[in-house]
Amino acid sequence: MKTLEELNAVREKMHNEIAVRTQGASTSKYEKHVLVCGGTGCTSSGSAQVISVLEDELKKNGIEDKVQVVRTGCFGLCALGPIMIVYPEGTFYSMVNTDEIPRIVKEHLVEGNPVKEFLYEETVCGDEITALDKTNFYAKQKRVALRNCGIIDPECVDEYIGRGGYQALGKALTQMTPEEVIQTILDSGLRGRGGGGFPTGMKWKLARNIVPDADIKYVCCNADEGDPGAFMDRSVLEGDPHVVLEAMAIAGYAIGASQGYIYVRAEYPIAVKRLEIAINQAREIGMLGKDIFGTGFDFDIELRLGAGAFVCGEETALMTSIEGNRGEPRPRPPFPAEKGLFQKPTILNNVETYANIPNIILKGGEWFASMGTEKSKGTKVFALGGKINNTGLVEVPMGTTLREVVEGIGGGIPNGKKFKAAQTGGPSGGCIPAEHFDIPIDYDNLIKIGSMMGSGGLIVMDEDTCMVDIAKFFLEFTVDESCGKCAPCRIGTKRMYEILDRITKGQGTLEDIDKLEQLCFHVKTNSLCGLGQTAPNPVLSTLRYFRDEYIAHVVDKKCPAGVCKDLLQYTIIEDRCKGCTACARVCPAGAIEGTVRSPHTIDTTKCLKCGACIEKCKFCAIIRK
């Protein structure tokens with residue numbers, strides 16, 4: 001496939017097939033398409049076994065030629081895996097196990113009657129069954145970066161082409177100048193989705209113009225997603241790898257580069273495998289390599305595997321690692337647009353940023369700019385986790401409120417608990433308290449309240465969360481991940497962690513809180529790279545909004561949320577205790593004493609504060625305070 005005409009022919013053929021999954025079209029040669037999630041979450045839940053049994057059952061029933069089985073990327077509702085959707089009706093089966101497959105095949109795929117008891121409960125209302133895209137989780141989303149995830153087979157380039165794949169590259173190379181490509185990205189208002197939010201078009205423009213006569217330039221992709229609870233980029237790579245390749249080729253054309261590198265962490269084996277397949281396929285059909293579309297433009301991509309160092313998410317550390325050296329950041333300036341990879345002009349964007357590029361080229365910058373807010377255009381992908389009913393991947397327009405994401409899409413907090421805070425930006429971000437529950441999520445609003453967008457991890461916390469412990473958790477992560485090159489980060493974060501540790505153990509003082517704030521300031525202003533500069537954010541935001549919890553730990557020697565073990569005390573209420581001895585039997589330390597039918601007591605010197613006694617007591621006689 002070397003010409004646009006050949007590409008269009010494949011697109012026309014495959015579009016009719018895939019339309020059955022997106023529009024309920026009846027042009028497919030198959031009567032039904034069964035899509036099974038092949039992302040990391042569902043794979044770990046056994047989706048590969050589900051596919052194997054499904055294919056066997058189709059053959060037993062003689063309908064293997066009538067039903068197409070497709071292994072896709074992530075659908076989004078990760079907690080419900082393995083996930084299986086039957087098209088054209090869009091029937092959604094959740095938590096599928098292999099024992100259910102024979103019945104689903106016989107009753108649904110052969111006889112035409114969906115098995116309601118195996119369906120996602122929100123899609124069943126009496127005798128009516130609604131499609132997945134009509135549920136609260138999907139109806140309120142706007143999928144741009146995730147447009148192909150859960151729709152196509154990520155290991156089939158023809159399916160990507162059937163969804164308009166590589167059309168944007170063809171348009172850029174044959175109808176646009178590099179300057180027009182960059183201007184389109186500038187007009188879109190797309191900002192980097194990796195955390196800092198720098199305008200993507202401006203980055204490309206600098207790389208093209210700052211050293212116009214450079215003999216070689218590079219395009220890099222940051223797929224080293226390291227925030228705890230973040231899996232946005234991984235899901236795009238697993239579900240739609242070709243979109244990243246196409247976007248990088250467009251970027252290469254725009255800045256005058258002929259070589260690209262994708263830096264992906266080795267802990268993402270499925271993503272790595274699918275990227276390797278996609279790169280080989282793109283080379284085979286002429287979308288990577290020499291003389292793409294006969295335009296004289298050459299561009300190729302190589303993978304580089306990272307060892308999981310969080311600091312390599314920082315652009316100069318990432319480039320240093322690609323070069324084969326220890327991943328440490330470099331002082332800036334000079335910036336990568338002038339001297340980046342191998343000291344040559346380089347641009348670096350993350351996976352989600354690239355995932356938006358082809359659509360922007362095809363539909364125009366104004367189309368993308370029509371979504372979002374004045375200064376934060378387009379959509380944003382979030383990985384919802386923590387105390388939330390619908391754990392998973394969501395994409396919403398910038399400016400959507402936190403309440404809408406948590407309650408409208410995420411399904412709210414489990415067990416009737418109250419929302420307390422949400423952490424955005426991971427170890428580099430901050431906590432958003434309940435008083436800002438209705439804040440529109442965009443770059444500037446989050447910075448104003450002491451948080452940041454980050455790559456898109458969104459951890460929800462309920463009333464049982466200790467905010468001091470949360471700050472300690474993220475700081476411990478940063479201490480472990482610091483490269484140690486600069487003293488403010490290497491030493492400062494360690495001292496901050498030690499203070500937090502003392503506070504959570506009831507050994508802190510009010511002076512410690514003052515010292516903590518001073519350290520935050522010095523680490524933030526003197527660290528070499530973004531890791532150290534943002535490390536104090538979780539501490540500063542929790543001090544800003546939950547200072548009373550710090551004071552309670554220090555003055556009252558109590559953890560209001562009942563999380564910090566050193567500050568807890570277990571007590572048996574005499575009037576409630578029936579003397580059943582259940583608590584004593586499960587206590588691993590033998591700390592509970594008493595006779596049958598008589599109130600028991602807890603020896604606090606022996607108590608491990610494990611909570612086993614509370615879980616076992618049927619009479620709510622044991623309290624933790």
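We count residues from 1, following the sequence as given.
Applying the ring pair (Phe, Tyr, Trp, His ring centres under 6.0 Å) rule to Tyr263 yields no partners; only residues at least two apart in sequence or on another chain are considered. Every salt bridge (charged side-chain N to carboxylate O under 4.0 Å, His left out) that Arg330 has, sequence neighbours left out, goes to Glu323. For Phe310, the ring pair (Phe, Tyr, Trp, His ring centres under 6.0 Å) partners are Phe477, not counting sequence neighbours. Every residue two or more places apart in sequence or in another chain that forms a side chain to side chain contact (heavy atoms under 4.5 Å, CB included) with Pro345 is listed here: Val211, Ala214, Lys217. Applying the ring pair (Phe, Tyr, Trp, His ring centres under 6.0 Å) test to Phe368 and every residue at least two apart in sequence or in another chain returns nothing. Residues meeting the side chain to side chain contact (heavy atoms under 4.5 Å, CB included) test with Cys489, sequence neighbours left out: Ser482, Cys486, Thr493, Ser527, Leu531. With sequence neighbours excluded, the residues satisfying side-chain hydrogen bond (donor to acceptor under 3.5 Å, both in side chains) with Lys472 are Asp501, Thr504.
Checked by atom type and distance alone, the side chain of Thr72 never pairs as donor or acceptor with a backbone atom of Ile152 at under 3.5 Å. Using modelled atom types, no side-chain atom of Glu481 and backbone atom of Val311 make a donor-acceptor pair closer than 3.5 Å. A distance-only check finds no donor-acceptor pair linking the side chain of Arg403 to the backbone of Asp438 [under 3.5 Å]. Of the possible donor and acceptor atoms, none in the side chain of Glu395 sits under 3.5 Å from a partner among the backbone N and O of Gln141. Listed for the Ser47 side chain is a donor-acceptor partner under 3.5 Å among the backbone atoms of Cys37. No donor-acceptor distance shorter than 3.5 angstrom exists from the side chain of Ser376 to the backbone of Gly372, with no hydrogens or angles considered. Between the side chain of Thr379 and the backbone N or O of Pro397 there is no donor-acceptor pair closer than 3.5 Å. Thr353 places no side-chain N or O within donor-acceptor distance of the main-chain N or O of Asn349, the cut-off being under 3.5 Å.
Around atom CD of Glu180, more than 12 heavy atoms belonging to other residues, nucleotides or ligands sit under 6.0 Å away. The neighbour count for Phe521 CZ, taken as heavy atoms of other residues, nucleotides or ligands under 6.0 Å away, does not exceed 12. Heavy atoms of other residues, nucleotides or ligands lying less than 6.0 angstrom from CD of Glu435 number more than 12. Within a 6.0 Å sphere centred on NZ of Lys171, heavy atoms belonging to other residues, nucleotides or ligands number more than 12.
Side chains of Glu246 and Tyr160: a donor-acceptor N/O pair is present below 3.5 angstrom, by distance only. There is no side-chain donor-acceptor pair under 3.5 Å between Asn415 and Lys387. In this model, a donor atom of one side chain and an acceptor atom of the other lie less than 3.5 Å apart for Asp442 and Thr373. Under 3.5 Å, the side chains of Glu463 and Thr465 contain no donor-acceptor pair of N or O atoms.
Put simply, CD1 on Ile83 and OG on Ser94 are 7.5 Å apart, with the number rounded to the nearest 0.5 Å.
Asp462 has no carboxylate O lying under 4.0 Å from a charged side-chain N of Lys420, or vice versa, which leaves the two without a salt bridge. Using a 4.0 Å cut-off between charged side-chain N and carboxylate O, Arg71 and Glu155 make no salt bridge.
Listed by first then second residue, pairs satisfying side-chain hydrogen bond (donor to acceptor under 3.5 Å, both in side chains) with a partner in residues 362-372 number zero, not counting sequence neighbours. Every pair passing salt bridge (charged side-chain N to carboxylate O under 4.0 Å, His left out) that includes a residue from residues 131-151 is listed here, sequence neighbours excluded: Lys140-Glu404. For residues 226-242, the side-chain hydrogen bond (donor to acceptor under 3.5 Å, both in side chains) pairs, not counting sequence neighbours, are Thr40-Glu238, Asn148-Asp240, Tyr166-His242, Asp227-Ser455, Asp233-Asn350, His242-Gln281. Among residues at least two apart or in separate chains, ring pair (Phe, Tyr, Trp, His ring centres under 6.0 Å) pairs with a member in residues 382-439 are Phe419-Phe437, His436-Tyr545. The side-chain hydrogen bond (donor to acceptor under 3.5 Å, both in side chains) pairs that include a residue from residues 184-195 are Gln183-Asp187, Arg193-Tyr443, where partners are two or more places apart or lie in different chains.
Pairing each heavy atom of Val381 with each of Glu352, the nearest pair is N-OE2, 3.0 Å. In this structure, Cys466 and Ala561 approach most closely via the heavy-atom pair N-CB, 3.7 Å. Closest approach of Thr177 to Tyr253, counting heavy atoms only: CA-OH, 3.7 Å.
Counting heavy atoms from C-beta outward, Pro336 and Leu348 have side chains that stay 4.5 Å or more apart. Contact check for Thr400 versus Pro440: no side-chain heavy atoms found under the 4.5 Å cut-off.
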